[in-house]
Number of protein chains: 2
Amino acid sequence: MTLTESLRDGNASQRIADSLRESILGGELSPGDRIVQEDLSARYGGSRIPVREALRLLESEGLVRLVANTGAWVASLTLAECSEVYQTRERIEPLLLRFSAEHLTQEQLARLDSLAHQMADAHGVEEFLDLDRQFHLGAYENAHTHVLGPLVTRLWNTTQPYRRAYTQLVGDRNRRIFHDEHHMLVTALHDGDLALAEQILALHIRRTRLHLERHPELFDQAPNSKETPA
Amino acid sequence: MTLTESLRDGNASQRIADSLRESILGGELSPGDRIVQEDLSARYGGSRIPVREALRLLESEGLVRLVANTGAWVASLTLAECSEVYQTRERIEPLLLRFSAEHLTQEQLARLDSLAHQMADAHGVEEFLDLDRQFHLGAYENAHTHVLGPLVTRLWNTTQPYRRAYTQLVGDRNRRIFHDEHHMLVTALHDGDLALAEQILALHIRRTRLHLERHPELFDQAPNSKETPA
DNA sequence: ATACCCCAGATTGTATCCAATGTCACCCCA
DNA sequence: TGGGGTGACATTGGATACAATCTGGGGTAT
């Protein structure tokens with residue numbers, strides 16, 4: 001079964017989209033970078049058709065910006081937009097946590113605790129970012145949602161480049177409160193105090209947002225033409 | 001300028017997606033209906049390429065369900081999924097209202113009030129649904145958001161077929177409380193009492209959800225294979 | 001009678017080719 | 001010397017043709 005994994009779903013566009021998404025989330029591509037269809041089709045050994053569908057998919061996820069007859073770029077966010085995403089997360093991630101918490105096993109709680117500890121010793125920006133993501137999304141693992149879970153993942157993805165830039169900028173400063181909040185969250189979950197866990201999570205996201213907002217220089221300054229259709 | 005309107009954005013896929021979206025929201029297509037690429041390409045006089053991109057777009061909006069090498073269907077929701085959407089709305093629409101409220105003009109408030117009144121005399125299901133949608137989305141008109149606004153529109157769209165089915169089912173019953181809540185919201189906005197407005201909106205969405213949940217027969221019963229990637 | 005298998009038709013996925021559009025550099029002119 | 005226009009090039013959008021895959025019905029064996 002592992003042989004067919006390379007062509008999972010049976011379509012190439014999914015594979016290309018997955019690979020491109022990883023490149024963006026991993027920082028190999030940065031906001032504003034131009035994406036040329038033919039480069040991708042050459043890289044993946046196919047035609048431009050699946051590439052185009054992959055780009056459409058990533059655009060709908062907010063990772064790519066398409067302009068008709070012109071081209072594609074890795075999506076960038078203004079500070080206002082990033083703040084918007086964080087305020088949205090502040091409202092919905094506690095709900096997702098609620099869905100998940102009632103099904104979390106002791107093993108999963110132990111893993112969250114382990115991740116929270118590992119982050120204290122994390123060397124380098126990438127390891128820190130990865131552990132943070134694993135911690136939060138891991139807490140939602142048992143939510144079994146079809147809408148909210150993917151939505152939260154999407155919000156994490158679109159802001160990932162800016163979390164990276166921020167983490168690189170501030171280094172180890174302010175990291176203590178970050179760890180403390182994670183441990184408080186684990187404790188609240190362990191105690192079964194869901195109301196407290198929700199509050200801690202909301203405050204954690206809120207504080208992170210306020211810290212991000214202190215560094216407007218990290219963000220896109222001039223939003224060219226980003227209409228909101230609705 | 002109106003001549004070029006038919007090919008707006010310069011790409012056909014957008015036009016096809018818009019048309020198909022209208023068909024789904026308008027009830028011409030129902031959840032579970034099969035969508036065949038060639039039918040659409042014949043209907044719009046093009047090839048299947050833009051049709052495929054349109055279907056991908058609508059899939060990402062949650063209006064269409066694609067299965068590789070098999071086909072496309074108008075998306076359906078289980079009761080649990082619909083409930084999830086409403087609980088999400090309950091958390092984020094008050095936030096969107098907050099963004100919008102600070103910029104709402106007197107004219108816009110008057111229009112909301114007018115819409116709330118018109119709904120009392122609405123004849124037929126379609127007019128009622130349309131006015132309700134105009135009322136709520138109209139309240140968010142001045143939010144000037146790039147993430148939250150489109151997200152809320154998307155959540156409205158995916159649940160539209162079930163609002164229609166519910167409205168057809170219950171007729172005029174329970175409609176009084178509906179109107180009362182709308183008028184209370186307008187009053188709170190008029191008074192500048194944003195905290196109250198947010199609460200009324202959340203309770204309005206919550207009560208609607210609870211009413212919907214009384215009719216599980218309206219929803220998809222057996223969710224075939226809807227994996228949540230994250 | 002029923003369960004399974006297999007093949008034909010229908011439908012989707014992809015490649016290649018051509019058209020349409022935007023970009024950019026160069027040139028002309030004031 | 002600077003600004004505007006124009007043309008060639010690069011890139012994207014779309015159509016046609018072909019390959020791959022799934023579905024469903026009919027036949028066969030148990």
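Worth knowing before you read on, the calculation uses all heavy atoms, side chains too, and leaves out hydrogens, waters and symmetry mates.
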Quiz item: Hey, does the side chain of A:R15 come within less than 4.0 Å of C:dG13's phosphate (OP1/OP2), counting only N and O?
Solution: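 No, A:R15 has no side-chain N/O under 4.0 Å of OP1/OP2 on C:dG13.
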
Between [N] ([atom2]) and [X] ([atom1]): distance, integer Å:
X	N	atom1	atom2	result
A:R34	C:dG22	CZ	P	13 Å
B:I16	D:dG14	CD1	P	8 Å
A:W73	D:dT11	CH2	C1'	10 Å
A:Y44	C:dT14	OH	C1'	17 Å

Quiz item: Under a 4.0 Å N-O cut-off, is there an ion pair linking B:D18 with B:R15?
Solution: no

Quiz item: Does A:R209 pair with A:E213 as a salt bridge, N-O distance under 4.0 Å?
Solution: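 Looking at A:E213 together with A:R209, the answer is yes, because their closest N to O distance falls below 4.0 Å.
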
Quiz item: What are the two closest non-hydrogen atoms of A:P94 and B:R91, and how far apart are they?
Solution: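 Of all heavy-atom pairs spanning A:P94 and B:R91, the closest is CB-NH1, 4.0 Å.
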
Self-check item: Atom of A:T158, atom of A:E61 and distance for their closest heavy-atom approach
Solution: CG2-O, 3.3 Å

Quiz item: Is any side-chain N or O of B:R48 under 3.5 Å from a base N or O of C:dG13, one able to act as donor and the other as acceptor?
Solution: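 Yes, a donor-acceptor pair under 3.5 Å.
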
Out of [options], which has the shortest distance to the side chain of [X]?
X	options	result
B:N69	C:dT12, D:dA15, C:dG13	C:dG13
A:E38	D:dG14, C:dT11, D:dT12	D:dT12
B:Q37	C:dG13, D:dA15, C:dA15	C:dG13

Practice problem: Tell me what B:I35 touches on the nucleic acid: a base, only sugar-phosphate, or nothing, going by heavy atoms under 4.0 Å. | Solution: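 Answer is sugar-phosphate: B:I35 comes under 4.0 Å of backbone atoms only.
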
Quiz item: For the rings on A:H144 and A:F99, is their centre-to-centre separation under 6.0 Å?
Solution: no

Quiz prompt | 5'-most by nearest nucleotide on DNA chain C - A:S13 or A:T70 | solution = A:S13

Practice problem: Could you list by number each residue of residues 49-59 of chain B showing a heavy-atom separation from DNA chain D of less than 4.0 Å, or answer none if no residue does? | Solution: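 Within this stretch, B:I49, B:P50 sit under 4.0 Å of the strand.
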
Quiz item: Do A:R163 and A:Q160 have side-chain atoms, one donor and one acceptor, less than 3.5 Å apart?
Solution: yes

Practice problem: State, without any angle test, whether B:S13 and B:R56 hold a side-chain donor-acceptor pair at a distance under 3.5 Å. | Solution: no

